[in-house]
Every structure is written in structure tokens, then in C-alpha cells.
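A short write-up of the structure that comes next.
If you read the sequence from its start, that first residue is 1, and numbering goes on from there. We count ligands from 1, going down the list as the structure has it; atoms in each ligand are counted the same way.
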Amino acid sequence: MRFSHFAGQCLLALSSLASASVVPAVPEHTLQERQTKDSACTNGPFSRACWKNGFSIATDFDLKYPTTGKTVTYDLTITNSTCNPDGNGERLCLKVNNQYPGPTIRAEWGDQVVVNVHNKMQDNGTSIHWHGVRQHNSVGSDGVNGITECPLAPGDSKTYRFQATQFGTSWYHAHFSSQYGDGVVGPMVFDGPASANYDIDLGPYMLNDWYYQTAFQIDAITLQNLQNRGPPPSGDNILINGTNQNAKGGGSYNKVTIKKGKKYRLRLINISVDNNIRVSLDNHMMQVMTSDFIPIKPYYTEWLLIAIGQRYDVVINANQTAGNYWFRANVATDCLSANKNNARAIWSYDTITAGTPTSNSYTQPSVCTEPTNLAPYWKQPVPTGSFANKPMNVNFTRAKLYENGDTLTVWAINTSSINVAWENPTISYLMDGNTSYPNKLNVVPTVNEGAWNYWLIQAVQGLAPVPHPMHLHGHDYFVIGQGRGVYDPSTAVLNWNTPPRRDTATLPGGGWLAIAFPSNNPGTWLLHCHIAWHISEGLGMQFLEMPDKITYPPTEEYQRTCTNWNNYAKNAFYKKHDSGL
Ligand SMILES: *[C@@H]1O[C@H](CO)[C@@H](O)[C@H](O)[C@H]1NC(C)=O
Ligand SMILES: *[C@@H]1O[C@H](CO)[C@@H](O)[C@H](O)[C@H]1NC(C)=O
Ligand SMILES: *[C@@H]1O[C@H](CO)[C@@H](O)[C@H](O)[C@H]1NC(C)=O
Ligand SMILES: *[C@@H]1O[C@H](CO)[C@@H](O)[C@H](O)[C@H]1NC(C)=O
Ligand SMILES: *[C@@H]1O[C@H](CO)[C@@H](O)[C@H](O)[C@H]1NC(C)=O
Ligand SMILES: *[C@@H]1O[C@H](CO)[C@@H](O)[C@H](O)[C@H]1NC(C)=O
Ligand SMILES: *[C@@H]1O[C@H](CO)[C@@H](O)[C@H](O)[C@H]1NC(C)=O
Ligand SMILES: *[C@@H]1O[C@H](CO)[C@@H](O)[C@H](O)[C@H]1NC(C)=O
Ligand SMILES: [Cu+2]
């Protein structure tokens, strides 16, 4: 019955549809064919692949996206306050609109998003990055202080403007050193089609590590870490959507009520600073349908490992015996993540009395590997290229980030740790036509428009094998391969035909990550490890792409924020103490 419903409403290539719960693997299409598959069908519980006005899950959003003509506007005010998300006690918290985590930014695919950010903190600048947003022709809204803007000084405001050219789940966070670990973070949802059907959208479900010291304190310990380059301090707790009990039992669990027979879409987002998390709902398989902003061929899993910055949208079928079930978010110790407590939430069917679950966990996997079955819904092969001759070596070393400063623990890409000058962003060099970028900006040019960039990121051997979640701004890159040890072209397994595509993928501990992306987005785009301590310690570089075609931010606002920042910085109590990112 559901099947005919679906088929009747959606004219997509769904003739091989077997059941309403699973959108089947589509026949393989080339990029060109894909553009002809959009249809006029309407989105609904049984036709989530559809959207409207000729756009659908089949739309190639690199080339085409709706322009709704609608503008959604948000005001985000950042204040220095306190919070107590797990009952352990109040601590400093940099809140957004008086909330931790911050409010959800929600728009529809194709909308223009306008966000006015007001910095009402006393002692920090800020810049807000809209994680995963392509920023097509709007690099000035990418929110990376020292690269795309000067930080916003205390008391100043700035308007970010961008179009939601893709759909799905993401988050926003500050890029001012490790500030987002203290609270400047929130979810972002762009409504659009999906590759699996569901009845109810539960919205974002954020997962993160939580520390009883502030992020700036932990970061300082990590940078000064003289104990033989030892690991950073462990987190104290994990939060699920901003809450959990603490190890001593105070605080409260997040609670979700579900109805038997309904299918729920849950938007999982890892907003951690340093911990890989594995999640599971007892007795309920999760049907995974996205990786970051990319719809995938849906598959079922018991446990899902999520690295920092990554998102997975899943569908949960409430078809078990009505009862209370644990939702678990465990620290992935096999990924060398360390935290003193795991998190739980309680999911209850609406027909029973909500109470403490007695449900049992699925067996937790013990190997730290990113999910391997993330084939994009629309297959997009990548032209074969070579990775052999230009590795970017990720090294752990010690260096001075400043003249006359301490020797610090730093990460480096090819012996150079990124270290931006907040008052002199890369965009200023570009506007001035000054191509003498200092080495510490780690500027790497991309190939010309339309051609493909192939990069091998290689961990230097002999270091602690920490996995690094590598995030690229301005693109969803293609993950051509991942492996342990040193990349060997004669044995490496590369996937050119159905590579996963996303904006954050893991460089395996002591291993390599081979990525590809076409030059099609003018701007300067940060590639960095999303472990807050690691980018603070320099693990990043920027790709300068099609500089002749960059659309610059409005000059007046750009100059004003830089002037205000320079005036503030001269007398600021706290100084920059790290890469600035
Ligand atoms: C927040 O307030 C505390 C206490 O007044 C102060 O020490 C700290 O520097 C402030 N932080 C920011 C980012 O404004
Ligand atoms: C930001 O504020 C925190 C205190 O809340 C302080 O520890 C840190 O040094 C400040 N950073 C900068 C660069 O202002
Ligand atoms: C998690 O929190 C966000 C924002 O506060 C809210 O919109 C969402 O509904 C919550 N998710 C669940 C599953 O409760
Ligand atoms: C978030 O990502 C970090 C680092 O990649 C990881 O250690 C942690 O387990 C992840 N958290 C969740 C809930 O998946
Ligand atoms: C519940 O739903 C899952 C996922 O759709 C399915 O695999 C399973 O067979 C269903 N179980 C029952 C008891 O219907
Ligand atoms: C990194 O260093 C290697 C070895 O010296 C070199 O081949 C490669 O081109 C460098 N990569 C970048 C991005 O500069
Ligand atoms: C990595 O850093 C160490 C310590 O500074 C240095 O001896 C080594 O040459 C570096 N290796 C590479 C490949 O850059
Ligand atoms: C270009 O930038 C460099 C590094 O900041 C600076 O030393 C130099 O004066 C600049 N050149 C011009 C022509 O502005
Ligand atoms: Cu890292």
C-alpha cells in the first residue's frame, strides 16, 4: 500500500522500488544523465526523494540548485555566561542567544540565509563558520578569522550572507582558537529531499565531549605539554543534545518519546573538540541516509562511529515492543579517544510509563574504522589521477609559533604549522593583489578551473597513531582511499568509481587519506584537522582556488570589522596564543 502511494506521488526513477522503507539502489547514472532526472513530484512521508519545482534528490547541486527568493534571517548574540549541562556545577559558558548549545538555524534548500552575529563577550573576538556550507561566491561569509575576515571585536556585529545550495544537517561554530569548546556552537538544518522515507523529523541530535575546565585552559595545557608530547587531558563527560548525567549521578538524561509504527529521522552531529563517539539505540537498527551533506544509498547499522564535524542522518523505525530503551553515545577508545564518562539518553514509546530502561546494548565494534558503505545516492565517478608524487605530511613536532615565544607542541603539514595573523587575513592579500604570502599561512594553490585536485595526506610514521578528522571548507571532497601505514601505490585500494563524498573524513591513525575535488569554487579554503587542539596547534593549510574569480565581501563592513579589531587588540588583556584557528 505504501508502495503504490510512493510510486504514485513520485515520478523519479523508482520503478525498481521494493518497499517503502528502503529507497533502492538506483541504476548507475553519469553526472550528465543525472541532470535529466529531476521531476515535478512532491515531497511527503512516502516520497522523500522528491522535492518541488523540478528539484529532487537527483539534482546535481554542484551545478544547479533552487533559488527560492526567500530570505531567512537570524540574530545570534554571543555572551559570556555560565552553564551546567550535566549537573557537575556551573562553569564559564560562551552562549548563543543565552543558550548552550545555540539555537537551530533552519532554512529551506535554496533560501538565502542572513545571520547577524553580535559579539557581546568582554574578552574574545569571534568569527562564525557555517560548517559544510559551500559558500559559492560568498567566501567572505566562511567565518575563518585570519583567512576570510578579521575577528569580530567585542561590541561589534557582522552580517553573514550565503545561499543554502545544499540540503541536510550541519552546525555552526566559532573559529576563534578553541572558543567553540566553550559554547559558541549550534545546529543548522536545510530542509530538502532525502534518500530514505520517514514520518517525523526529530531534528538535530548533537553529541559532544564536555570538560570541566574551559577550552582555553585545556588548550593552553596541550600547547605547553612538556610531558614528552603526551596526550591532551581527557574529557570529563559526553553530552547528548546538551545534557547528560555526570559520573556521580547528578544532571539528567535527554529524553525522546516515540510512537509505535512511526519512522523517525534523527540528525546526528558530532560537535566535539576531541572525542570520536559511537552511537546506538538498543533494539533499533539505524538506517543511515546521509554522510555530511551528501545523500547516500541507505544502509542499516547497529552502531555508528561519528568523527568530529561529521553528520549522519538516520531513520529509526519504532517497531519494537513498546518500552524504554537506552540511546548510547560511547567514547571510541579504539580511536584513542579518552573521556571519563559515556552518555545515555532515554527513548520511550508513548503508550508506556517513561522510566529507566533495562534494555541491552548491541555488541560494540572494537575497531576504529570509518563506515565503509557510504556510497553516494547518485554515483559520481572521479577521473583517475595520481597521488604518488606529492604527499602532504602530517607531523607532530615542537616549534615556536611566535618570535620570543615558548617552544610549543605543534602539528605541521610539510614542516609548516599554519599560524594566521588575525589582523591581516588572506582575503586582504588577495584584495591588495599581494601574492607574497608568508609561509606560516600555508597557502597551496589549486589546479585551474574545471580540473581535478588530487591530494594525499600522509601521517608521519612513529608517532602516536591518532586519527585526524580532516575538514575542508568550500567543498564536499571525494574520499578516494584511506589506509594504515605509508601509502603504497602498488597495493593501495582506491575507489574511483563510487567514492564516498563528504566535507570531513578521517585520516586513520598513522595512515593516509587520499582525496580529490574539482576546482569549481573561487575562494581560499581551509583544510584542517577538526580536533580543536590540533588546529590550534597548526594542523591546517589553505587552498587558494581560482583567485581571479573571487567575489569579495562588502568592502565597508570588511574594513570596519578589521579597524575595530585592530583597535581592540592593541589593548586586549588576552593575546593570541596559538594558530588563531
Ligand atoms: C568571561 O568572564 C570571565 C569572568 O568575568 C572573564 O574572566 C573572562 O575573561 C570572560 N571571557 C570572555 C571570553 O569574555
Ligand atoms: C578568550 O577568553 C578566554 C577567557 O574566557 C581566555 O582564556 C582566552 O585567552 C581568550 N583568548 C583570546 C585570544 O582573547
Ligand atoms: C535537540 O536540540 C535541538 C536544539 O535545541 C532541538 O531542536 C531538537 O529537537 C533536539 N533533538 C531531539 C531529538 O530532541
Ligand atoms: C566525535 O568525533 C570525535 C573525533 O573524531 C570522536 O572521538 C568522538 O567519538 C565523536 N563523537 C561521537 C558522538 O560520535
Ligand atoms: C523493524 O524495522 C527494521 C528496520 O526497518 C526491520 O529491519 C525489522 O525487521 C523490523 N522488525 C519488526 C519486528 O518488524
Ligand atoms: C610536501 O612535501 C613533499 C615532500 O617534500 C612535496 O613533494 C610536496 O609537494 C609538499 N606538499 C605541499 C603541499 O607543499
Ligand atoms: C617530523 O618532525 C620531526 C621532529 O621535528 C623531524 O625530525 C622529522 O624530520 C619530521 N618529518 C617530516 C617527514 O617532516
Ligand atoms: C605583501 O605582504 C607582505 C607580508 O605581509 C608584506 O611584507 C609586504 O609589504 C606586502 N607587499 C605589499 C606590496 O603590500
Ligand atoms: Cu588532528
Side-chain angles (χ1 to χ4, degrees), residues 2 18-23 83 85 95-106 169 171-172 183 185-189 191 196-208 228-229 239-244 252-258 260-269 271 279 281 283-289 298-302 313-323 325 327 329 345-348 362 391-400 407-417 456-464 486-487 510 512 537-539:
R2 286 190 167 193
S19 95
S21 61
V22 186
V23 178
C83 62
K95 291 186 180 168
V96 184
N97 293 1
N98 215 22
Q99 274 175 248
Y100 171 77
T104 303
I105 290 197
R106 193 154 197 149
T169 306
W171 58 309
Y172 57 89
V185 62
M188 198 160 60
V189 173
D191 289 307
N197 286 329
Y198 57 91
D199 299 298
I200 295 160
D201 185 351
L202 286 171
Y205 215 37
M206 292 166 279
L207 309 154
N208 69 293
N228 243 340
R229 305 184 196 165
L239 305 179
I240 297 179
N241 235 23
T243 181
N244 189 21
S252 53
Y253 292 124
N254 169 277
K255 294 193 176 67
V256 175
T257 305
I258 52 179
K260 190 151 178 154
K262 295 288 181 196
K263 287 184 180 163
Y264 292 89
R265 176 182 187 158
L266 188 66
R267 302 166 179 272
L268 298 162
I269 318 172
I271 63 166
V279 302
L281 176 62
N283 294 49
H284 296 76
M285 303 267 276
M286 294 183 289
Q287 187 188 20
V288 187
M289 60 144 145
Y299 74 95
Y300 287 91
T301 190
E302 295 174 350
D313 286 16
V314 300
V315 174
I316 292 171
N317 190 355
N319 67 354
Q320 297 297 304
T321 309
Y325 295 93
F327 181 94
I346 299 176
W347 285 50
S348 308
Y362 287 118
M392 290 199 285
N393 295 313
V394 169
N395 202 357
F396 194 40
T397 179
R398 292 177 62 77
K400 285 187 183 194
T407 299
L408 301 170
T409 301
V410 295
W411 288 90
I413 289 187
N414 269 18
T415 72
S416 174
S417 304
L456 178 70
I457 305 169
Q458 173 70 58
V460 168
Q461 302 298 289
L463 310 171
V486 177
Y487 175 76
W512 53 273
E537 293 165 335
L539 216 184

* Asked: Can you tell me how far CD1 of I413 sits from CD1 of I457, rounded to the nearest 0.5 angstrom?
  -> 6.5 Å
* Asked: In Å, rounded to the nearest 0.5 Å, how long is the span from CZ of R265 to CD of Q287?
  -> 11.5 Å
* Asked: What residue and heavy atom of the protein are closest to atom 9 (O) of ligand 3, and at what distance?
  -> L202 O, 3.4 Å
* May I ask you to list the atoms of ligand 3 that are less than 4.0 angstrom from any heavy atom of N241? => 1 (C), 2 (O), 3 (C), 8 (C), 10 (C), 11 (N), 12 (C), 14 (O)
* Can you list the atoms of ligand 3 that are under 4.0 Å from a heavy atom of T104? -> 4 (C), 7 (O)
* To do: Taking atom 7 (O) of ligand 3 as the reference point, report whether a protein heavy atom occurs under 4.0 Å from it.
  => yes
* Structure fact -> Looking only at non-hydrogen atoms, the one of T321, V315, N319 nearest atom 10 (C) of ligand 5 is N319
* Asked: With atoms numbered from 1 as shown, which atoms in ligand 7 lie under 4.0 angstrom from a non-hydrogen atom of V460?
  -> 13 (C)
* Mark up the atoms of ligand 7 that fall under 4.0 Å of a heavy atom belonging to N395, in ascending order. => 1 (C), 2 (O), 3 (C), 8 (C), 10 (C), 11 (N), 12 (C), 14 (O)
* Only one of N254, N241, D313 forms a side chain to side chain donor-acceptor pair (under 3.5 Å) with Y205, so which one is it? -> N254
* To do: Spell out, as yes or no, whether a donor-acceptor pair under 3.5 Å connects the side chain of Y362 to the backbone of H284.
  => yes
* To do: Return yes if some donor-acceptor pair links the side-chain N/O of Q320 with the main-chain N/O of A318 below 3.5 Å, else return no.
  => no
* Close side-chain approach of F327 to V256, heavy-atom, < 4.5 Å -> no
* Asked: Short N/O distance, under 3.5 Å, between P204 and ligand 3?
  -> yes
